[in-house]
Amino acid sequence: MSDKVLAALKVGPSTTELRELELPEIPPDAALMKVEVAGVCGTDVTQYRLPLRGSPLIMGHENLGYLARVGSTFAARKGVKEGDLMFLEHYLPCGNCEWDHMGEYRHCAATEWFYDPQAIRYGYTSLETAPGLWGGFSHYLYLPMNAVLHKVPGGLTPEEAGVATTMSNGIQWALIDGGIGYASTVLIQGPGQQGLCCLMASKQAGADLVIITGTSKDARRLEVAKAFGADAVIDIQKEDALARVLEITGGRGVDVVIDCTVGAGTAPVLLGIEATKRRGGTMVVQGEGNAEFPSFPIGRLTRKGMTLKSARGHSYRAVELALHNLASHRFPLDLMTTHTFGLAEVDYAIKSVGGEGAPGAIHVSVMPWK
Ligand SMILES: [Zn+2]
Ligand SMILES: [Zn+2]
């Protein structure tokens with residue numbers, strides 16, 4: 001192994017440079033991962049455009065790879081060895097709080113980088129925080145003792161397992177937060193990688209009816225949704241989405257709505273409130289991009305006895321179930337994993353997810369050794 005690490009560094013807004021960094025010493029309570037696949041998601045698109053919060057950083061928070069070096073304490077405590085193929089969560093939790101004991105690392109204060117500049121998360125932590133290898137757009141990643149790892153089941157290639165983060169969110173939002181299961185009726189808004197994973201999770205769980213919406217530019221994605229088992233697809237630019245949902249459900253509305261749109265403002269939430277059944281529906285929203293919601297129909301929400309939940313990240317259990325789902329090979333995942341890029345193409349990879357690079361991108365991965 002060379003004593004250098006090749007990495008793609010974000011050095012400014014929408015700017016990446018390839019650099020060689022020093023390979024750090026691996027103490028007994030740490031390990032080194034050779035990155036095989038680093039997924040790119042919508043969060044990367046938003047983050048990439050923003051100014052740096054400190055020194056340059058290596059992005060890439062959806063990572064898996066082989067353990068290349070494993071310290072003796074790390075090996076003993078984690079039950080892993082060199083050569084193991086592992087999925088790495090992007091949270092680096094404190095390990096002591098109530099959330100961590102429940103496997104809900106996303107809620108741990110130590111991982112809350114939006115508010116705490118000291119918090120470390122893979123893909124968002126600058127080189128200033130030693131040893132700097134905190135992102136997957138790099139040949140190697142550094143794993144301290146509090147890294148959260150999952151063994152990739154046999155029979156899954158790294159490329160297939162590269163969808164694990166998105167599928168974990170799909171399981172979390174659809175099954176655990178949305179409560180979707182046997183005989184559920186579901187409306188998923190947005191047929192991107194996240195919407196498609198919510199769809200697969202719902203079908204695997206036994207949902208009776210899954211409707212998925214998109215716009216006219218999503219025509220291909222809506223075709224993929226059908227191949228994954230969507231019972232109906234709606235192009236909201238050509239059809240009245242609410243009228244169609246009510247028609248498909250015989251006027252009843254759906255049990256659960258999941259908002260997987262990006263940059264669609266408040267419209268998906270308003271549609272969701274009307275499209276849920278008369279009483280007791282659930283809606284799972286991603287509201288981070290909406291600073292305000294003028295005239296939010298809270299009275300309507302209350303009268304329908306609806307439950308509103310927030311989609312943000314996933315639990316330990318959701319990841320385990322996601323790997324199980326992927327290993328089932330039930331869905332033609334290759335329809336979704338449309339593009340892989342090498343380290344030199346990180347900029348293009350992120351732009352492709354944002355719709356400004358390779359046409360037809362759904363799930364995009366960086367494979368640093370490609
Ligand atoms: Zn992500
Ligand atoms: Zn904690």
Side-chain angles (χ1 to χ4, degrees), residues 8 10 35 37-50 57-65 87-116 118-125 134-138 141 144-148 150 161-173 190 192-198 201 258-263 286 288-289 310-316 318-319 322-323 326 336-341 346 349-355 361-367:
K10 177 188 168 186
V35 183
V37 182
V40 186
C41 82
T43 308
D44 292 312
V45 177
T46 322
Q47 290 298 314
Y48 190 44
R49 294 187 187 126
L50 301 179
L57 67 103
I58 309 168
M59 292 177 64
H61 61 276
E62 306 190 351
N63 304 308
L64 70 101
F87 172 77
L88 172 66
E89 295 206 32
H90 65 302
Y91 311 114
L92 278 166
C94 76
N96 305 314
C97 69
E98 57 175 326
W99 298 113
D100 298 344
H101 289 299
M102 291 188 277
E104 294 281 3
Y105 308 113
R106 58 193 169 142
H107 297 322
C108 171
T111 74
E112 194 39 281
W113 61 283
F114 262 101
Y115 305 106
D116 179 0
Q118 304 303 314
I120 299 181
R121 267 195 195 200
Y122 285 103
Y124 306 102
T125 303
W134 303 114
F137 303 156
S138 164
L141 271 174
M145 189 57 104
N146 57 339
V148 181
H150 299 258
V163 184
T165 300
T166 326
M167 187 59 84
S168 302
N169 291 338
I171 301 265
Q172 182 74 44
W173 305 350
Q193 52 176 315
Q194 200 52 76
L196 292 172
C197 281
C198 286
I258 309 171
D259 174 17
C260 292
T261 58
V262 180
Q286 300 186 65
E288 274 175 345
S310 296
R312 196 177 170 210
H314 50 255
S315 57
Y316 183 90
V319 179
L323 290 167
L326 295 173
M336 187 175 95
T337 51
T338 52
H339 294 79
T340 58
F341 296 102
V346 160
I350 298 172
K351 287 176 179 159
S352 296
V353 173
I362 304 180
H363 186 273
V364 172
S365 293
V366 171
M367 300 187 74

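In listed order, ligands and their atoms are each counted from 1.
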Once rounded to the nearest 0.5 Å, what's the spacing between atom CD of Gln286 and atom CG of Asp259?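 Here the rounded value is 6.0 Å.
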With a 4.5 Å heavy-atom cut-off, do His150 and Val148 have their side chains touching?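 Yes. Closest side-chain heavy atoms under 4.5 Å.
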Min side-chain heavy-atom separation Lys351-Val45 under 4.5 Å: no
Distance-only side-chain donor-acceptor flag, His61 / Asp44, under 3.5 Å: yes
Relative to each other, are the rings of Tyr122 and Trp134 parallel, tilted or perpendicular (30° and 60° limits)? tilted
Tell me whether the Zn ion (ligand 1) has Asp44 as a neighbour, meaning an N, O or S atom of it below 2.8 Å.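 Checking Asp44: none of its N, O or S atoms is under 2.8 Å.
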Is any N, O or S atom of His61 under 2.8 Å away from the Zn ion (ligand 1)? yes
For the Zn ion (ligand 1), find the closest N/O/S atom on Glu62 and give its atom name.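 Nearest to the Zn ion (ligand 1) within Glu62's N, O and S set: OE2.
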How wide is the angle at the Zn ion (ligand 2) spanned by Cys94 SG and Cys108 SG, rounded to 10 degrees?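 Value, to the nearest 10 degrees: 110°.
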To 10 degrees, how wide is the angle SG (Cys97) to the Zn ion (ligand 2) to OD2 (Asp100)?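 The two atoms form an angle at the metal of about 100°.
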